[in-house]
There are 2 protein chains.
Amino acid sequence: MAIVATVSTGTFLTPLCMSCSVRSASVCSAIKDQDVPRLAGIATVMDVAVGKLLIEAGEQALYFFNVSSGAAKLYRLLPDGRRHIIGFVRSGDFLGLAAGEDYAFSAEALTPLKVCRFTRKKLYDLLSDFPAMERRLLQAASNELAAAQDQMLLLGRKTARERVASFLRSEAAHTPSAQGHSWALLMTRGDMADYLGLTIETVSRTMTALRKCGVIAISTASDVSIEDTAALESIADGTLLN
Amino acid sequence: MAIVATVSTGTFLTPLCMSCSVRSASVCSAIKDQDVPRLAGIATVMDVAVGKLLIEAGEQALYFFNVSSGAAKLYRLLPDGRRHIIGFVRSGDFLGLAAGEDYAFSAEALTPLKVCRFTRKKLYDLLSDFPAMERRLLQAASNELAAAQDQMLLLGRKTARERVASFLRSEAAHTPSAQGHSWALLMTRGDMADYLGLTIETVSRTMTALRKCGVIAISTASDVSIEDTAALESIADGTLLN
DNA sequence: CGGAACATGTGACCTAAGTCAATTTACAGG
DNA sequence: CCTGTAAATTGACTTAGGTCACATGTTCCG
């Protein structure tokens with residue numbers, strides 16, 4: 001199921017870590033240059049093609065992952081096929097903390113994906129020697145927890161309009177090139193719907209409505225831009241009444 | 001706002017830690033007996049009356065808490081007053097990980113509450129000397145993250161009936177005395193509604209419906225029991241079609 | 001013991017968002 | 001440059017759950 005291509009493993013990855021473009025922005029930054037060989041020694045670099053699974057729900061949770069480039073969606077299914085996307089991961093994100101014995105979610109590549117894979121046990125062993133990295137992980141978990149609470153508020157109490165506005169604001173914030181410009185959404189309307197607890201049709205209609213009132217512009221379905229940041233903000237936060 | 005009564009502070013709390021009924025079940029179990037004075041030295045024991053705030057949203061996040069007895073609800077508000085309960089904490093639970101610079105949520109006592117309060121900075125310093133406790137915190141954060149993902153699936157994709165059934169199952173699991181017996185719900189219908197993304201009326205009607213079809217029994221509003229565990233399970237998981 | 005002040009339960013009705021059904025793009029592969 | 005397939009949009013209609021209104025407990029002080 002989870003068809004992936006393992007590129008390479010082991011200590012000879014040291015140069016890859018040293019030149020890793022996301023190391024400074026990820027939990028790996030807690031490892032100093034001279035200790036990088038230890039880190040590289042337990043890492044496996046993998047490529048995942050678009051649409052392929054990196055993690056499949058129900059599998060034994062043997063690994064942690066760190067995303068070096070690309071993006072993926074994480075989702076859970078109900079027995080009758082209802083799907084909910086619990087989040088997206090991107091360059092620099094750490095993946096797998098929220099797992100027990102087995103993974104409760106699946107992870108599917110949205111773009112060509114490059115990840116570093118660590119066996120849980122080996123990474124835990126490594127953490128004992130590098131408390132700074134454990135601290136970074138704890139902080140990453142705290143941030144994810146705070147984001148999860150935001151999302152619970154969104155799913156529990158926001159309207160469709162507020163959800164879509166919140167989503168676009170957050171996407172723009174995650175996309176450096178989006179500041180004042182249009183950018184490419186990585187996900188389909190269906191993904192957005194499953195992330196926001198809506199249907200495809202409602203997402204589509206809401207996007208159109210936001211476009212018609214001048215808050216956003218949509219050139220193609222995946223190429224959007226924010227035209228009125230203040231309005232988007234106040235819709236997202238529920239400050240606007242109309 | 002957050003009116004609380006500080007009972008006592010400092011190392012002379014050592015006997016309190018040693019006899020703490022939740023120590024073995026909490027992150028504090030990572031501290032060995034001989035090191036307990038260090039732990040007790042940075043703790044403040046506090047009592048919070050029902051309805052009083054332990055944490056107020058927007059305040060500077062100076063503290064972590066560990067619940068020794070009682071329960072509290074954690075909630076966030078939208079500007080127009082819509083409320084969402086992001087979770088409940090009970091004996092043994094650690095509280096405050098999901099905070100940035102400021103608390104994003106408020107915490108209100110549901111029952112008379114006893115907590116140990118730690119300054120964030122002091123606890124972080126302590127963690128550097130007790131990696132086992134840091135590991136426990138990381139595990140606690142992982143568990144919370146997994147629970148948050150369950151709740152996102154519930155809020156995004158489950159029906160009212162499935163939400164209420166999931167809630168009752170989870171409450172029963174958190175209440176040792178609930179196995180095969182009735183137990184007292186700690187929260188009002190309003191709290192349940194704000195936790196499940198519903199209204200009071202829908203929670204009330206759904207509880208009545210579950211009672212009428214023999215899945216649960218309700219003696220008084222807060223005293224409930226599970227009459228058909230298998231049915232409740234299959235409703236909660238969305239396995240049942242009718 | 002009495003009676004506010006809440007909390008809960010239940011009807012009657014409403015609406016935001018879901019469902020169903022066509023079109024209309026958009027893009028990947030030949 | 002087609003053309004087949006999947007994604008998106010849009011309209012018409014339905015519905016689960018929300019809103020409003022009111023009756024009925026409960027609780028807990030004084």
Side-chain angles (χ1 to χ4, degrees), chain A residues 49-51 73 78 80-84 108 110-112 154-165 167-168 184-212 216-224 235 238 241-242, chain B residues 49-51 73 78 80-85 108 110-112 154-165 167 184-212 216-224 235 238 241-242:
Chain A
V50 173
K73 60 185 176 198
L78 284 167
D80 63 0
R82 278 174 285 172
R83 186 180 72 150
H84 186 73
E108 180 186 319
L110 284 171
T111 67
L154 179 148
L155 293 168
R157 286 293 176 238
K158 287 189 181 181
T159 65
R161 192 182 167 81
E162 290 163 353
R163 293 181 200 203
V164 171
F167 172 77
L168 290 171
L185 289 174
L186 301 175
M187 57 293 286
T188 66
R189 296 287 186 268
D191 290 337
M192 291 170 57
D194 286 346
Y195 181 57
L196 299 173
L198 300 170
T199 59
I200 292 178
E201 293 92 329
T202 298
V203 170
S204 180
R205 277 187 254 270
T206 307
M207 293 283 285
T208 303
L210 288 175
R211 175 174 60 69
K212 283 189 177 160
I216 62 172
I218 307 174
S219 62
T220 73
S222 71
D223 191 65
V224 301
I235 295 169
L241 294 180
N242 54 15
Chain B
V50 173
K73 60 186 176 197
L78 283 167
D80 63 359
R82 278 173 285 173
R83 186 181 72 150
H84 187 72
I85 292 184
E108 182 187 318
L110 284 171
T111 67
L154 178 148
L155 293 168
R157 287 291 176 241
K158 287 189 180 179
T159 65
R161 190 181 169 82
E162 290 163 354
R163 293 181 200 203
V164 171
F167 172 77
L185 289 174
L186 301 175
M187 57 293 286
T188 65
R189 296 288 185 268
D191 291 336
M192 290 170 56
D194 286 346
Y195 181 57
L196 298 174
L198 301 169
T199 58
I200 292 178
E201 293 92 330
T202 298
V203 170
S204 180
R205 276 187 253 269
T206 307
M207 293 283 286
T208 303
L210 289 174
R211 175 175 60 69
K212 283 189 177 160
I216 61 172
I218 308 174
S219 62
T220 73
S222 70
D223 190 66
V224 301
I235 296 169
L241 294 180
N242 54 15

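Only a predicted model underlies this, so the values are computations on that prediction, with no experimental measurement involved. Reminder, nothing fancy here: chain letters follow the sequence lines and each chain counts from 1.
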Would you indicate whether the side-chain heavy atoms of B/Thr208 and B/Arg205 approach each other to under 4.5 Å? no

Quickly work out the A/Leu210 CG to D/dT9 C1' distance and round it to whole Å. 15 Å

Between A/Arg205 and C/dA17, is there a side-chain N or O to OP1/OP2 distance below 4.0 Å? no

Result for 5'-nearest mapping on DNA chain D, choosing between A/Thr188 and A/Arg157, is A/Thr188

How many Å lie between CG on A/Leu196 and P on C/dG18, as a whole number? 11 Å

Side chains of A/Leu186 and A/Lys73: does their closest heavy-atom pair fall under 4.5 Å? no

Please determine if A/Arg157 and B/Asp194 form a salt bridge, counting it only when a charged side-chain N lies under 4.0 Å from a carboxylate O. yes

Just N and O in the side chain of A/Thr199: are any of them under 4.0 Å from OP1 or OP2 of C/dG18? yes

Taking side chain as C-beta onward, heavy atoms only, is A/Glu162 less than 4.5 Å from A/Leu154? no

Length of the line joining A/Ile218:CD1 and D/dA7:P, which is rounded to integer Å: 18 Å

What nucleotide among C/dA17, C/dA7, D/dT9 has an atom nearest to a side-chain atom of A/Thr159? C/dA17

In whole angstroms, the gap separating P of C/dA7 from CG of B/Leu185 amounts to 15 Å

Are OP1 or OP2 of C/dT8 and a side-chain N or O of B/Ser204 less than 4.0 angstrom apart? no

Go through C/dA26, D/dG11, D/dA8 for me and flag the one nearest to the A/Thr220 side chain. C/dA26

Whole-Å distance between C/dT10 C1' and B/Ile200 CD1? 14 Å

Between D/dA8 (C1') and A/Leu198 (CG): distance, integer Å: 16 Å

Measuring from the side chain of A/Glu201 (C-beta onward, heavy atoms only), which nucleotide among C/dG18, D/dG17, D/dT10 has the closest atom? D/dT10

Quickly work out the B/Met207 CE to C/dA7 C1' distance and round it to whole Å. 13 Å

Of the nucleotides C/dG18, D/dA7, D/dG17, which one has an atom closest to the side chain of A/Thr202? C/dG18

Could you pick out which residue, A/Ser222 or A/Gly197, lies toward the 5' side of DNA chain C when each is mapped onto its nearest nucleotide? A/Gly197

Quick one: is C/dT10 close enough that its OP1 or OP2 comes under 4.0 Å of any side-chain N or O from B/Thr208? yes

Taking atom C1' of D/dT10 as reference, at what distance in whole Å does atom CZ of A/Arg211 sit? 12 Å

Can you confirm whether A/Ile218 sits close enough to A/Asp223 that some side-chain heavy atom of one is under 4.5 Å from a side-chain heavy atom of the other? no

